[in-house]
Amino acid sequence: MKTEEPILTLRVPAEFNFEECLVVLERSPLENLYGIRNKHIRKLLVHEGEMIFIEIAHAECALRIEFLTGTPSSGGISAVQAFVEEWFDLQTDLLPFYEMAAQDPILHELVKKHYGLRLLCIPDLFEVLSWAVMGQQINLAFAYTMKKRFVENFGESFVVDGETHWAFPTCEKIAEIEVDELRQLQFTAKKAEYIIGIARAMANGDLSKQALMREKDEQKVEQALTAIRGIGPWTANYAMMRCLHVPSAFPLVDVGLHNALKKLLEREHKPALSEVEALSKKWNGWQAYAAFYLWRTLYE
DNA sequence: TGCCAGGAAGCCG
DNA sequence: CGGCTTCATGGC
């Protein structure tokens with residue numbers, strides 16, 4: 001039966017390891033924006049109102065994408081292809097990163113151990129910013145609880161084989177809700193204000209991924225983001241590395257990075273910000289990948 | 001139980 | 001600009 005389903009195949013680079021990506025994708029049991037079973041990823045996408053449910057599997061030198069809900073429109077197929085290419089960062093050539101990392105005392109073991117890990121992207125700007133705000137200054141386990149509640153209260157869903165699959169809420173939807181509705185989900189008043197404010201800025205066009213991607217000056221991208229209430233340097237750089245494809249983005253104050261460095265450097269205490277900054281300068285042009293590989297060490 | 005968590009705003013000098 | 005305080009909530 002499934003052999004009748006339409007299939008899309010995307011070639012992957014040589015520097016690609018699907019299982020390394022799965023380790024990162026499987027880091028929380030509360031994740032509800034995709035499901036993974038037997039190394040197959042199922043995900044619901046909504047493109048211009050069209051619900052598209054896909055299953056992604058790794059095949060020889062490729063990702064094999066199956067449309068479980070029938071053939072989408074041609075625009076839908078293009079959107080799925082673009083989404084998956086972004087999600088697994090298939091366009092980036094990692095060889096220069098690996099050449100740099102081979103000379104680096106901290107990274108050289110990491111890139112051997114996790115060879116082929118891609119920087120997993122969150123293509124939706126509203127999703128990456130909301131997720132970052134939820135994660136500010138709280139433990140990640142609770143952040144996932146918040147995200148699950150947020151998605152299941154305001155996102156669209158689609159039931160397949162008795163299982164409900166979710167799409168992240170749109171900025172248009174969240175632009176219309178009030179702070180109290182998020183307070184009920186254990187959001188602090190500030191986080192609720194920040195996320196609704198971001199949603200309204202995106203819904204009215206003041207903030208868009210397209211406009212940010214057009215700006216080639218990374219400092220100006222960061223400035224544009226930090227001008228928005230609730231987005232500080234950490235959130236801006238998080239979004240730049242995981243959504244806007246800025247290779248030099250680096251969330252300097254990130255506690256996870258500090259813990260990863262503490263472990264790798266076998267220190268008793270977390271490194272000072274000045275030391276983290278000095279290290280990151282050596283990763284010039286690849287700070288985003290360096291950060292992602294450092295985070296990877298926390299998931300085992 | 002108390003410390004801490006993938007920070008940011010607000011204030012002060 | 002740089003340092004300090006406050007915010008708020010749950011995990012472990």
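Treat the numbers as computed from the prediction; the structure is a model and nothing was measured. Letters A, B, ... mirror the listed sequences (proteins, then strands); counts begin at 1.
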Minimum side-chain heavy-atom gap [X]-[Y] below 4.5 Å:
X: A:Met51; Y: A:Thr69; value: no
X: A:Leu264; Y: A:Leu110; value: yes
X: A:Glu31; Y: A:Leu33; value: yes
X: A:His47; Y: A:Ser78; value: no

Does anything in residues 218-238 of chain A reach DNA chain C, meaning a heavy atom under 4.0 Å, and if so which residues?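 Going residue by residue through residues 218-238 of chain A, none turns out to have a heavy atom under 4.0 Å of DNA chain C.
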
At under 4.0 Å between heavy atoms, which parts of nucleotides 7-12 of chain C does protein reach? Answer with one letter per nucleotide, 5' to 3': B base, S sugar-phosphate only, - none. SBBBS-

May I have the distance from [X] (atom [atom1]) to [N] (atom [atom2]), rounded to whole angstrom?
X: A:Lys191; N: C:dT6; atom1: NZ; atom2: P; result: 19 Å
X: A:Leu298; N: B:dC4; atom1: CG; atom2: P; result: 18 Å
X: A:Lys262; N: B:dC4; atom1: NZ; atom2: C1'; result: 12 Å
X: A:Met146; N: B:dG7; atom1: CE; atom2: P; result: 13 Å
X: A:Glu193; N: C:dT6; atom1: CD; atom2: C1'; result: 14 Å

By the 4.0 Å heavy-atom rule, please label A:Tyr299 as base, sugar-phosphate, or nothing.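 If one applies the 4.0 Å heavy-atom cut-off, A:Tyr299 turns out to touch a base.
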
Using atom P in both nucleotides, what's the gap between B:dG2 and C:dA8 to the nearest angstrom?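 My reading of the P atoms in B:dG2 and C:dA8 gives 22 Å.
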
Could you point out which residue of A:Phe53, A:Phe168, A:Phe83, A:Trp87 forms a ring pair (Phe, Tyr, Trp, His ring centres under 6.0 Å) with A:Tyr34?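 Testing each of A:Phe53, A:Phe168, A:Phe83, A:Trp87 against A:Tyr34, the sole residue satisfying ring pair (Phe, Tyr, Trp, His ring centres under 6.0 Å) is A:Trp87.
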
Which is more 5' along DNA chain B, the nucleotide nearest A:Tyr194 or the one nearest A:Ala143? Just name the residue.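 Looking at DNA chain B, the more 5' nearest nucleotide goes with A:Ala143.
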
Distance flag, aromatic centroids of A:Trp166 and A:Phe154, threshold under 6.0 Å: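 Ring-ring flag for A:Phe154/A:Trp166: false, centres at least 6.0 Å apart.
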
No-hydrogen, no-angle side-chain donor-acceptor test under 3.5 Å, A:Tyr289 and A:Trp283: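 On atom types as modelled, these side chains do not qualify, holding no pair under 3.5 Å.
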
Just checking, is any N or O donor in the side chain of A:Glu19 or A:His58 under 3.5 Å from an acceptor N or O on the other one?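 A:Glu19 vs A:His58: no donor-acceptor pair found between side chains.
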
Identify which one of A:Arg242, A:Lys209, A:Arg118 satisfies the salt bridge (Lys or Arg N to Asp or Glu O under 4.0 Å) criterion when paired with A:Glu86.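 Output: one option passes, namely A:Lys209.
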
More than 12 foreign heavy atoms under 6.0 Å from NZ of A:Lys263: is that the case here?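 Enclosed: over 12 neighbouring heavy atoms sit under 6.0 Å from NZ of A:Lys263.
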
Polar atom pairs between nucleotides 11-13 of chain B and protein, under 3.5 Å, N or O only, would you list them?
none

Using a strict 4.0 Å threshold on nitrogen-to-oxygen distance, state whether A:Glu20 and A:Arg296 make a salt bridge.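 Between A:Arg296 and A:Glu20 there is a salt bridge, with a charged N closer than 4.0 Å to a carboxylate O.
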
